[in-house]
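As structure tokens, the structure follows; a few thoughts come after it.
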Amino acid sequence: MVDRLANSEANTRRINIVENCFGAAGQPLTIPGRVLIGEGVLTKLCRKKPKARQFFLFNDILVYGNIVIQKKKYNKQHIIPLENVTIDSIKDEGDLRNGWLIKTPTKSFAVYAATATEKSEWMNHINKCVTDLLSKSGKTPSNEHAAVWVPDSEATVCMRCQKAKFTPVNRRHHCRKCGFVVCGPCSEKRFLLPSQSSKPVRICDFCYDLLSTGDMATCQPTRSDSYSQPLKSPLNDVSDDDDDDDSSD
């Protein structure tokens with residue numbers, strides 16, 4: 001099916017429409033063999049609050065962006081190679097339902113569909129595209145993935161020292177290794193995580209000590225530690241936007 005659509009005029013036209021919606025700021029998406037599998041609006045769990053994002057699933061990449069005008073204009077384009085993607089289902093928690101994790105070595109995050117059926121369709125299509133890609137390339141699935149960031153609203157105090165309260169002066173930061181929301185004194189160190197950046201990035205003291213001794217796996221948070229907690233009201237929602245790899249998220 002995918003191979004048959006690859007060189008069709010309808011597929012080329014659909015991809016051109018997506019390119020035009022992102023405009024000059026977006027990267028070209030038309031390449032030989034690329035097929036647009038599907039598209040839709042998903043709710044992405046961002047650092048400040050859940051936000052609607054437009055997603056496009058191709059047979060080799062996942063593209064998403066901010067919605068400026070629905071079906072007409074998008075910005076802040078993100079392109080994720082599917083061969084680096086793994087996905088995991090998330091249990092329903094409060095108002096956050098029909099979700100799953102999109103995990104890559106560079107960035108990981110949670111998304112939520114409007115219905116259980118839509119979630120199932122998205123996950124099935126993504127898994128099939130990833131399986132087909134890996135089968136053709138002979139590569140093995142990626143075992144490394146970036147931590148899912150805990151939303152700002154879930155932490156009124158530092159998740160490491162459990163003492164420092166966040167205020168306009170004592171700002172929130174995110175450890176790039178475990179994804180926890182931490183205070184400045186608990187995250188003064190930097191460590192090189194090549195999959196995320198060519199420069200050393202902010203990590204908490206706990207992860208720094210483990211990374212320095214080579215115990216990297218222990219830094220990864222458990223499911224209950226990170227993304228599956230229900231969102232609280234965004235009290236003291238003071239974020240360090242300059243410390244985020246995407247200030248809109």
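By the side chain to side chain donor-acceptor pair (under 3.5 Å) test, Ser197 is found to be paired with no residue, residues two or more places apart in sequence or in another chain being considered. Remark: Asn75 pairs with Asn66, Val68 by the side chain to side chain contact (heavy atoms under 4.5 Å, CB included) rule, at least two apart or across chains. Every residue was checked against the side chain to side chain donor-acceptor pair (under 3.5 Å) condition with Asp95, not counting sequence neighbours, and none meets it. The salt bridge (Lys or Arg N to Asp or Glu O under 4.0 Å) check on Lys103 picks up Asp88, with sequence neighbours excluded. Listed by chain and number, the residues in a salt bridge (Lys or Arg N to Asp or Glu O under 4.0 Å) with Asp209 amount to none (sequence neighbours excluded). Not counting sequence neighbours, the partners of Thr117 by the side chain to side chain contact (heavy atoms under 4.5 Å, CB included) test are Thr115, Glu121. Every residue two or more places apart in sequence or in another chain was checked for a side chain to side chain contact (heavy atoms under 4.5 Å, CB included) with Ser135, and none qualifies. Applying the salt bridge (Lys or Arg N to Asp or Glu O under 4.0 Å) test to Arg14 and every residue at least two apart in sequence or in another chain returns nothing. For Gln196, the side chain to side chain donor-acceptor pair (under 3.5 Å) criterion is met by no residue, not counting sequence neighbours. By the side chain to side chain donor-acceptor pair (under 3.5 Å) test, Asp60 is found to be paired with Arg34, residues two or more places apart in sequence or in another chain being considered. Residues passing the salt bridge (Lys or Arg N to Asp or Glu O under 4.0 Å) test with Lys189, sequence neighbours excluded: Asp205.
Heavy atoms of other residues, nucleotides or ligands lying less than 6.0 angstrom from CD of Glu9 number 12 at most. In this structure, Asn143 places its CG atom where only 12 or fewer heavy-atom neighbours from other residues, nucleotides or ligands lie under 6.0 Å away.
Both Ile37 and Trp100 sit in one connected hydrophobic cluster of ILVMFWY residues. Membership requires side-chain heavy atoms under 4.5 Å apart, directly or through other members. Neither Val181 nor Val157 shares a network with the other; the hydrophobic side chains, linked directly or stepwise wherever heavy atoms of I, L, V, M, F, W or Y lie under 4.5 Å apart, form separate groups for each.
Residue Cys178 comes nearest to Ala147 through the heavy atom pair C-CB, 3.4 Å, listed as atom of the first residue, atom of the second, then distance. Across every non-hydrogen atom of Gln27 and Gln77, the tightest pair is N-OE1, 2.7 Å. The two residues Leu134 and Glu83 have their closest heavy-atom pair at CD2-O, 4.0 Å. Heavy-atom minimum distance, Ser108 versus His145: OG-CB, 4.0 Å. Nearest heavy-atom pair, Gly33 versus Asn59, reported as atom, atom and distance to 0.1 Å: O-ND2, 3.0 Å. Glu144 approaches Pro105 most closely through the heavy-atom pair O-CG, 3.5 Å.
Not a single donor-acceptor pair under 3.5 Å links the side chain of Asn84 to the backbone N or O of Thr104. Between the side chain of Thr106 and the main chain of Ser195, a donor-acceptor pair closer than 3.5 Å is present. The backbone N or O of Pro194 lies less than 3.5 Å from no partner atom in the side chain of Ser198, so there is not a single donor-acceptor pair.
Of the inter-residue distances, the one linking Asn98 atom CG with Tyr112 atom OH reads 10.0 Å to the nearest 0.5 angstrom. One finds the SG atom of Cys175 at 10.5 Å from the CE atom of Met159 (value rounded to the nearest 0.5 Å). Atom CD1 of Ile126 and atom CD1 of Ile87 lie 5.0 Å apart (nearest 0.5 Å). Rounded to the nearest 0.5 angstrom, Glu188 CD and His173 NE2 are separated by 9.0 Å. Taking CG of Leu211 as the start and CG of Leu193 as the end, the distance is 6.5 Å to the nearest 0.5 Å. Between the CZ atom in Phe191 and the SG atom in Cys204 there is a gap of 12.0 Å [rounded to 0.5 Å].
Taking Ile, Leu, Val, Met, Phe, Trp and Tyr as hydrophobic and joining them when side-chain heavy atoms fall under 4.5 Å apart, one finds Val63 in a cluster with Ile15, Val18, Phe22, Leu29, Leu36, Val41, Phe56, Phe58, Ile61, Ile67, Tyr74, Ile79.
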Carefully, step by step, assess Gln70 and Gln54 under the rule side chain to side chain contact (heavy atoms under 4.5 Å, CB included).
CA-CA 8 Å; Gln70 183 62 46; Gln54 183 74 27; 3.1 Å; yes
Verdict with reasoning, Leu62 to Val85, per side chain to side chain contact (heavy atoms under 4.5 Å, CB included):
CA-CA 9 Å; Leu62 182 67; Val85 168; 5.7 Å; no
Determine whether Phe206 and Phe180 satisfy the following criterion, side chain to side chain contact (heavy atoms under 4.5 Å, CB included), listing intermediate values before the conclusion.
CA-CA 11 Å; Phe206 177 80; Phe180 279 14; over 6 Å; no
Pair Lys128, Asp132 - check salt bridge (Lys or Arg N to Asp or Glu O under 4.0 Å), show working.
CA-CA 6 Å; Lys128 186 177 188 314; Asp132 289 347; 2.8 Å; yes
Could you go through the side chain to side chain contact (heavy atoms under 4.5 Å, CB included) check for Cys207 and Arg160 one step at a time?
CA-CA 10 Å; Cys207 287; Arg160 285 304 182 194; 4.1 Å; yes
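Within the 4.5 Å cutoff, the side chain of His174 has no heavy atoms near those of the Arg202 side chain.
Thr30 and Glu19 share a side-chain donor-acceptor pair at under 3.5 Å.
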